Amino acid sequence: MTAGVVASLTDFRRALVAWYRRHARPLPWRATRDPYQIWISEIMLQQTTVTAVVPYFQRFLARFPTLQDLAAAQEQSVLRLWEGLGYYSRARNIHKAARLLVNEHRGEFPREPGELMALPGIGRYTAGAIASFAFDWPAPIVEANTLRLYARLMGLRDDPRSARGQKQLWEFAEQIVPARHAGEFNQALMELGARVCVPSAPDCSKCPVRRWCVAATNGWQAEIPLPKPRAAPTEITEVAVAVHRDGKYLLRKRPEGVRWAGLWDFVRFGWRDAETRSPALHDVAVEVRRETGLTVEITAPLAEIRHSVTRFRITLQCHLGEWLAGEHDHAQGESRWVASTQFARLPLSVTGRKLARMIAARESKSTSASKRPG
DNA sequence: AACACGTGGCG
DNA sequence: TCGCCAAGTGT
């Protein structure tokens, strides 16, 4: 299957790299060979667009310039810098791995993919990426861009996500990666996948390796690769209550093993009766007591926030609740009463952050109104 | 092997 | 509005 490319591998590599040298975007992580910076960028880029990553990458490196800085940080500080980027286990893993490297590897990065893969959050792709970009280790890579590119070059008919397809893709990658300058070569593959060999309507007229491409030769660009099957989203309703007491609001840290683990949120729970667009306030108060042990009065509807997450579409009914009695039960995990001016100090879920902004705006409005009588 | 894990941009 | 897509990994 790879014969088309392998037969004239040297020409293929030359054409690809020549194209890359003319068309490479100047991405921040391409300006360095520091394995630490490359590692951070690769973790951030997992299932995440370049556009989204750039500002996070800059902030992260400004705050934690070295592996030692990261290892010395609190996990909460790392999560705060990750806030909004998604897949938060990446942030927790990056922190764990940093401590591991500092404590057990003298703060030095392994150069081999096999050793890199032993670190939490680093799988076969990321290990190959770091090893090749930072050390020119001749490691193969397969990720979204190269998967599409290889599949088309090979004319891959199998599902590229199946075990069979994956095996063929990795074998292909192994065969084409050069012994020298693997870093630039791998970057070139990804850049071509990202810029030319795009998912829909690839511009084959601009492709430097078109003559090696089975899909282009046969007009199969639209059929290869086979699309990823996606489950239809499920609608769910949730309720969030900003429980208010003495100018502060109750925030709870989400426990390990759940979505948004380690991030903070207002009191929040699923609402079984999805038909109820505006749940009875009394019922909400009952649920808050069940959740927290606190007796509250639901005083005002705040907003309805729509948010998609994995395969769920969430409608979040947000309310303001005034504390009446009871103390929060800490058995379920960490919680704090926080003034709205301090919300930004904690890593919040995206919906939590939105709600936090609304509450802060609501307060500043009411204080400015009270300062301006009439 | 299949599913969980997040979010935002784009057509 | 909606589905697709994004430098995947862990379980």
Side-chain angles (χ1 to χ4, degrees), chain A residues 24-25 27-30 37-57 79 82-94 96-97 116-133 139-150 159-166 169-170 173 183 186-195 197-202 225-235 254 256-263 265 305-314 347-354:
Chain A
R25 291 164 292 176
L27 303 174
W29 44 87
R30 284 182 176 161
Q37 295 190 29
I38 289 166
W39 172 49
I40 300 300
S41 75
E42 285 306 328
I43 301 297
M44 286 186 171
L45 285 161
Q46 288 171 1
Q47 296 288 284
T48 309
T49 56
V50 165
T51 316
V53 165
V54 168
Y56 281 87
F57 178 78
L79 279 172
W82 214 271
E83 187 188 87
L85 195 57
Y87 287 132
Y88 299 96
S89 65
R90 293 183 296 177
R92 296 192 302 274
N93 282 336
I94 227 175
K96 262 184 234 153
L116 287 162
M117 257 196 287
L119 296 168
I122 299 186
R124 189 169 180 187
Y125 161 72
T126 305
I130 296 170
S132 63
F133 302 156
I141 55 163
V142 179
E143 43 62 74
N145 297 301
T146 45
L147 177 150
R148 192 170 52 245
L149 175 64
Y150 303 159
D159 177 351
R161 290 141 201 104
S162 69
R164 253 179 74 93
Q166 282 286 306
L169 290 164
W170 280 102
N186 281 341
Q187 285 286 355
L189 288 169
M190 285 198 291
E191 190 73 355
L192 186 62
R195 305 289 297 284
C197 196
V198 293
S200 83
L226 264 37
K228 188 185 293 192
R230 288 173 204 270
T234 305
E235 293 283 349
R254 298 178 62 90
E256 287 189 47
V258 305
R259 186 155 44 221
W260 301 309
L263 302 193
D265 215 337
I305 296 174
R306 301 266 303 163
H307 184 71
S308 289
V309 53
T310 58
R311 43 173 278 270
F312 299 104
R313 265 207 302 267
I314 303 176
L348 296 179
S349 68
V350 163
T351 49
R353 181 63 69 203
K354 283 182 185 168

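Keep in mind that this is a model prediction, so the values were computed, not measured. Just so we're on the same page: letters track the sequence lines, and every chain starts at 1. What you see below is based on every heavy atom in this structure, not just the backbone, and it leaves out hydrogens, waters and symmetry mates.
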Within this structure, what is the CD1-to-P distance between A/Ile130 and C/dA7, rounded to whole angstrom? 17 Å

Are OP1 or OP2 of B/dG6 and a side-chain N or O of A/His307 less than 4.0 angstrom apart? no

Can you figure out which of C/dG3, B/dT7, C/dA7 approaches the side chain of A/Glu42 most closely? C/dA7

Is it true that A/Glu42 and A/Tyr125 share a donor-acceptor pair across their side chains at a distance under 3.5 Å? yes

Keeping the roles fixed (side chain from A/Glu83, backbone from A/Val350), state whether a donor-acceptor pair exists under 3.5 Å. no

P atoms of C/dA7 and B/dC5, separation to the nearest Å: 23 Å

Nucleotide C/dC5, atom C1' - distance to CD of A/Gln46 in whole Å: 16 Å

Give the rounded distance in Å between these two atoms: CE of A/Met190 and P of C/dC5. 19 Å

Most 5' of A/Leu27 and A/Arg313 on DNA chain C, judged by nearest nucleotide: A/Arg313

Touch class at under 4.0 angstrom, heavy-atom based, for A/Trp29 against every strand present: base

Look at all strands and tell whether A/Glu191 reaches a base, only sugar-phosphate, or nothing, counting heavy atoms closer than 4.0 Å. nothing

Separation of B/dG8 atom P from A/Arg353 atom CZ, nearest Å, is 13 Å

Could you tell me the separation between the CG atom of A/Asn93 and the C1' atom of B/dC5, rounded to a whole number of Å? 12 Å

May I ask you to evaluate whether A/Arg311 reaches the phosphate of B/dA4, defined as a side-chain N or O under 4.0 Å from OP1 or OP2? yes

At 4.0 Å (heavy atoms only), tell me whether A/Arg148 reaches a base, stays on the sugar-phosphate, or touches nothing. sugar-phosphate

Name the nucleic acid region contacted by A/Gly84, choosing base, sugar-phosphate or nothing; use a 4.0 angstrom heavy-atom cut-off, strictly under. sugar-phosphate

Can you check whether A/Arg124 reaches A/Trp170 side chain to side chain, under 4.5 Å on heavy atoms? yes

Tell me whether the side-chain N or O atoms of A/Thr48 pair up with the base of B/dG6 as donor and acceptor below 3.5 Å, since no angle test is needed here. yes

Nearest-nucleotide wise, let me know which of A/Lys228 and A/Arg124 is further upstream toward the 5' end of DNA chain C. A/Lys228

Indicate whether OP1 or OP2 belonging to B/dC5 is found under 4.0 Å from a side-chain N or O atom of A/Arg259. yes

C/dG10 phosphate, OP1 or OP2: any side-chain N/O from A/Tyr87 under 4.0 angstrom? no

Output the single nucleotide from B/dG6, C/dA6, C/dA7 whose closest atom is nearest the side chain of A/Arg25. C/dA7

Would you please say whether a donor-acceptor pair under 3.5 Å links the side chains of A/Ser349 and A/Arg254? no

For B/dT7 and A/Trp260 - does any side-chain N or O of the residue sit under 4.0 Å from the phosphate oxygens OP1/OP2? yes

In the structure I gave you, are the side-chain heavy atoms of A/Trp82 and A/Leu263 within less than 4.5 Å of one another anywhere? no

By nearest atom, which of the nucleotides C/dG8, C/dA7, B/dG8 is closest to the A/Phe133 side chain? C/dA7

How would you label the contact of A/Ser308 with the nucleic acid (heavy atoms, under 4.0 Å): base, sugar-phosphate, or nothing? base

Any side-chain N or O of A/Arg90 below 4.0 angstrom from OP1/OP2 of C/dG10? no

Scan A/Val53 against the nucleic acid and name what it touches under 4.0 Å (heavy atoms): base, sugar-phosphate only, or nothing. nothing

Would you indicate what A/Ala163 reaches in the nucleic acid, counting non-hydrogen atoms under 4.0 angstrom: base, sugar-phosphate, or nothing? sugar-phosphate

Donor-acceptor contact present, side-chain A/Arg90 to main-chain A/Met44, <3.5 Å: yes

Would the distance check show the side chain of A/Arg313 and the main-chain N or O of A/Pro233 forming a donor-acceptor pair, the cut-off being under 3.5 Å? no

Selection from C/dA7, B/dT7, C/dC4 that lies nearest to any side-chain heavy atom of A/Tyr88: B/dT7

Round to a whole Å and report the spacing from OH of A/Tyr56 to P of B/dT7. 9 Å

Testing C/dG8, B/dC5, C/dA7 for proximity to the side chain of A/Gln47, the answer is C/dG8

Taken to the nearest whole Å, CZ/A/Arg92 to P/B/dC5 is 11 Å

Give the rounded distance in Å between these two atoms: CH2 of A/Trp39 and C1' of C/dA7. 16 Å

Should A/Tyr87 and A/Gln46 count as side-chain neighbours, where that means a heavy-atom distance under 4.5 Å? no

Looking only at atom P, what distance separates B/dG8 and C/dT9, rounded to whole Å? 23 Å

Taking any heavy-atom pair under 4.0 Å as a contact, classify A/Leu147: base, sugar-phosphate, or nothing. nothing

Under 4.0 Å, heavy atoms only, any strand: does A/Ile122 hit a base, just the sugar-phosphate, or nothing? sugar-phosphate

When we call it a touch if two heavy atoms are under 4.0 Å apart, what does A/Ala52 touch: a base, just sugar-phosphate, or nothing? nothing

Verify the contact: side-chain N or O of A/Thr126 to OP1 or OP2 of C/dT9, cut-off strictly under 4.0 Å; return yes or no. yes

